[in-house]
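As a basis for the values below, the full set of heavy atoms in this structure was taken, side chains included, without hydrogen atoms, waters or symmetry mates. The sequence lines fix the lettering, A, B, ..., with proteins before strands; numbering per chain opens at 1.
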Protein chains: 2
Amino acid sequence: MNKFFDNAGIIAIGSRLRMLSEKMVEDATKIYEMYNMDLKPKWFPVFYVLSQNNEKSITAIANEIGHSHPSVSKIVREMVKEQILCEKKDKNDGRKNNIKLTPKGKQMANQIKDQYLDVQKAVEVTLNQSRYNMWYAIEEFEFLLDQKSMFHRVKEEKKLREIKEVEIVPYEPKYGIPFKNLNEEWITTYFKMEETDRKSLNNPKEYILDKGGEIVVALYKKKPVGVCALIKMNDPHYDFELAKMAVSSEAKGKGIGLLLGKSIIKKAQSLGAKKLYLESNTVLKPAINLYHKLGFNKVVGHSTPYERCNIQMELVLD
Amino acid sequence: MNKFFDNAGIIAIGSRLRMLSEKMVEDATKIYEMYNMDLKPKWFPVFYVLSQNNEKSITAIANEIGHSHPSVSKIVREMVKEQILCEKKDKNDGRKNNIKLTPKGKQMANQIKDQYLDVQKAVEVTLNQSRYNMWYAIEEFEFLLDQKSMFHRVKEEKKLREIKEVEIVPYEPKYGIPFKNLNEEWITTYFKMEETDRKSLNNPKEYILDKGGEIVVALYKKKPVGVCALIKMNDPHYDFELAKMAVSSEAKGKGIGLLLGKSIIKKAQSLGAKKLYLESNTVLKPAINLYHKLGFNKVVGHSTPYERCNIQMELVLD
DNA sequence: ATTAATTACGTAATTAGTTACGTAAATGTA
DNA sequence: TACATTTACGTAACTAATTACGTAATTAAT
């Protein structure tokens, strides 16, 4: 068993915690017996809060000890049968079931104090014998998880690892089909293809590159999963339009859009651009977000050939 | 909930461990989903050992991961249904059910490697952000519990606390009844009362004290719970016999016998004794143990008035 | 004053483990 | 070689929690 933890390591931390907690509960049973306390370990949290408070409702107890209310409900029923607790409907609120210790329960609460002292000492001594205090360690770990869950942390690591396998390369004729398909994917799911789309997607060389524009392609594990174009504009205010940005749905969430955007902006700068322009639609929230992250700001009052455009943005380069 | 742990403190360590482990399992479910792995968290230990070993029997897996074998049996059945594992009777041993990964399972094992890496990194990063590394802390704690269980540790604390409430006082006439009853208790449970017993238990003054002997009484919370006598001997080899040592069954396990013994030996020394003698029976193992701890050694060849005596011991005082 | 939403809490079903027990195969022993 | 013991493992019952859901009481909103 220890071999398993040594091999699997940290990824088995959940199993390890469960086993340790089971071991503790097992010993707790024997400890209650030694002190002649007719209490099951699982009753302890309920018993404890009621010995500190005169009276509490089911949900109030559940919240305090971090159990679900049905769990408390069941525990209370068991303890009522053993005449440790008694129930009483709340006078002002007919839904509430107020629970408190019976005289027998109070006597037990008194009797158990020595046991608490001994257990506390024993655990403290054990913790103090170790270099890494487990009680503090758990406290810290819970605090860190409250700030950012383990799921969230793993997601971040995944992204970090995957982005290393992403490569941004210049357009080549062999990327013609992916260039078209990746763009069609998002356009047809949210809008419909327009005439202007068809032209530039079918003939990127003629409509984009030959006019002085650029296209970059994102490869993930050597396969094209994202594209982005820089289109030369005939406009006194803007040099280029950032357009035809697309990332395949399977490759989303890896930060590929950001890489494409940064790469195309760099290209624009190397071409001497001073100002970039783009058109989009506010339903594409992640895209708008990305454009903001890249430094684009909203502008108004430009004409557009696209029906789907309801937001226009610009980026001033230095 | 945190309030509960803050109040109850360390004695709720079992609950806290359980909750933390539940939180980890919850996140694990979401993590498997994110990687499109059709694995339940509870399958992980079985899956892991089988991806490290070609083939293993049910109990071999159970031992390695620290589960009961029915648990593994159930998990394996579920995974066989999902065609991740396959079973095969052992050729040499008809009882054994050898389990291994199917091709699908092997493919999953290969696919899951990235996930392992990410999870490991994420956990490591979290642990390194804390002052007390929880993984090491658990390792240490388990090590300490292996050496001495929490039950054992609590028992020791109990003894330490209780021994403070034990007082050894000299005999007084009011302890006549307890002196008799405490001795009758053990004699009648293991043997039967003999004439010599009756005499000295009914008339301790005449048969023990007036002949130059001593009696001490142990009080626990002011109540007499143990006695021990020092009886003057008419023997060239021995000054006194240690006898009539008795501790009430309710007060056993608090180390009262040791206190009584030490006290009576001290008394013997103050009376100038050079050598003590005692008689006992080997069925009384804790007693024999205690006599050894006090320094007594086995001797042979003395006559005794007691039927129940089958071991004789002496202690040389310096 | 109704109606809608929320809260309290019980019951039922589910989950992930356990212990208890029975059977068959293998192993040890007289 | 026969019989007892041990081992492997499945089934059943139990345990301690959960989620899902329904009902009644209270509170908020129109």
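Per the geometry, CE belonging to B:Met19 stands 15 Å off P belonging to D:dA16, to the nearest Å. Going from atom CD of A:Glu22 over to atom P of D:dT15 covers 15 Å, rounded to whole Å. Protein atom NE2 of B:His69 is 14 Å distant from nucleotide atom P of D:dA12, rounded to whole Å.
Other residues, nucleotides and ligands place no more than 12 heavy atoms under 6.0 Å from the NZ atom of B:Lys298. B:Lys88 NZ: 12 or fewer foreign heavy atoms inside a 6.0 Å radius. Within 6.0 Å of the NZ atom in B:Lys89, the count of heavy atoms belonging to other residues, nucleotides or ligands exceeds 12. For A:Lys285, the NZ atom counts as loosely surrounded, since its 6.0 Å shell holds 12 or fewer non-hydrogen atoms of other residues, nucleotides or ligands. The local environment of CD in A:Glu185 is crowded, with over 12 non-hydrogen atoms from other residues, nucleotides or ligands closer than 6.0 Å.
B:Glu157 meets the salt bridge (Lys or Arg N to Asp or Glu O under 4.0 Å) test with no other residue; sequence neighbours excluded. Scanning for side-chain contact (heavy atoms from CB on, under 4.5 Å) contacts around B:Ser57 gives B:Thr59, B:Ala60, B:Lys96, B:Asn98, with sequence neighbours left out. A search for ring pair (Phe, Tyr, Trp, His ring centres under 6.0 Å) contacts involving A:Tyr136 returns B:Tyr132, not counting sequence neighbours. For A:Glu139, the salt bridge (Lys or Arg N to Asp or Glu O under 4.0 Å) criterion is met by B:Arg16, not counting sequence neighbours. A search for salt bridge (Lys or Arg N to Asp or Glu O under 4.0 Å) contacts involving B:Arg77 returns nothing, not counting sequence neighbours. For B:Glu156, the salt bridge (Lys or Arg N to Asp or Glu O under 4.0 Å) partners at least two apart in sequence or on another chain are B:Lys148.
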Under 3.5 Å, which protein N or O atoms sit close to an N or O of nucleotides 2-5 of chain D? Give each pair with its distance.
none

Evaluation steps, side-chain contact (heavy atoms from CB on, under 4.5 Å), between A:Phe44 and A:Leu39: CA-CA 7 Å; A:Phe44 166 72; A:Leu39 270 187; 5.9 Å; no
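Along DNA chain D, the nucleotide nearest B:Asn97 and the nucleotide nearest A:Pro41 are compared for position; the residue whose nucleotide lies closer to the 5' end is B:Asn97. Where A:Glu26 and A:Asn98 meet DNA chain C, the nucleotide closest to each residue was compared, and A:Asn98 sits on the side nearer the 5' end.
End-to-end axis angle for the helix from C:dA1-D:dT30 to C:dA30-D:dT1, using five pairs per end and rounding to 10°, comes out at 10°.
Classification of the A:Trp135-B:Phe5 ring pair by plane angle, with boundaries at 30° and 60°, yields perpendicular.
Near DNA chain D, meaning a heavy atom under 4.0 Å away, the residues from residues 80-95 of chain A are A:Asn92, A:Asp93, A:Gly94, A:Arg95. Near DNA chain C, meaning a heavy atom under 4.0 Å away, the residues from residues 70-79 of chain B are B:Pro70, B:Ser71, B:Lys74.
Of the candidates B:Leu85, B:Leu101, B:Thr102, B:Leu50, B:Leu85 is the only one forming a side chain to side chain contact (heavy atoms under 4.5 Å, CB included) with B:Met79.
Taking 4.5 Å as the limit, some side-chain heavy atom of B:Ile13 sits within range of a side-chain heavy atom of A:Met134.
Within the structure, the salt bridge (charged side-chain N to carboxylate O under 4.0 Å, His left out) test picks out the following pairs touching residues 24-42 of chain B (sequence neighbours left out): B:Lys40-B:Glu78, B:Lys42-B:Glu78.
Interface limits on DNA chain C: the 5'-most and 3'-most nucleotides within less than 4.0 Å of chain B heavy atoms are C:dA16 to C:dA26.
Contact between the side-chain N/O atoms of B:Arg18 and the OP1/OP2 oxygens of D:dA16 is not found at any separation under 4.0 Å.
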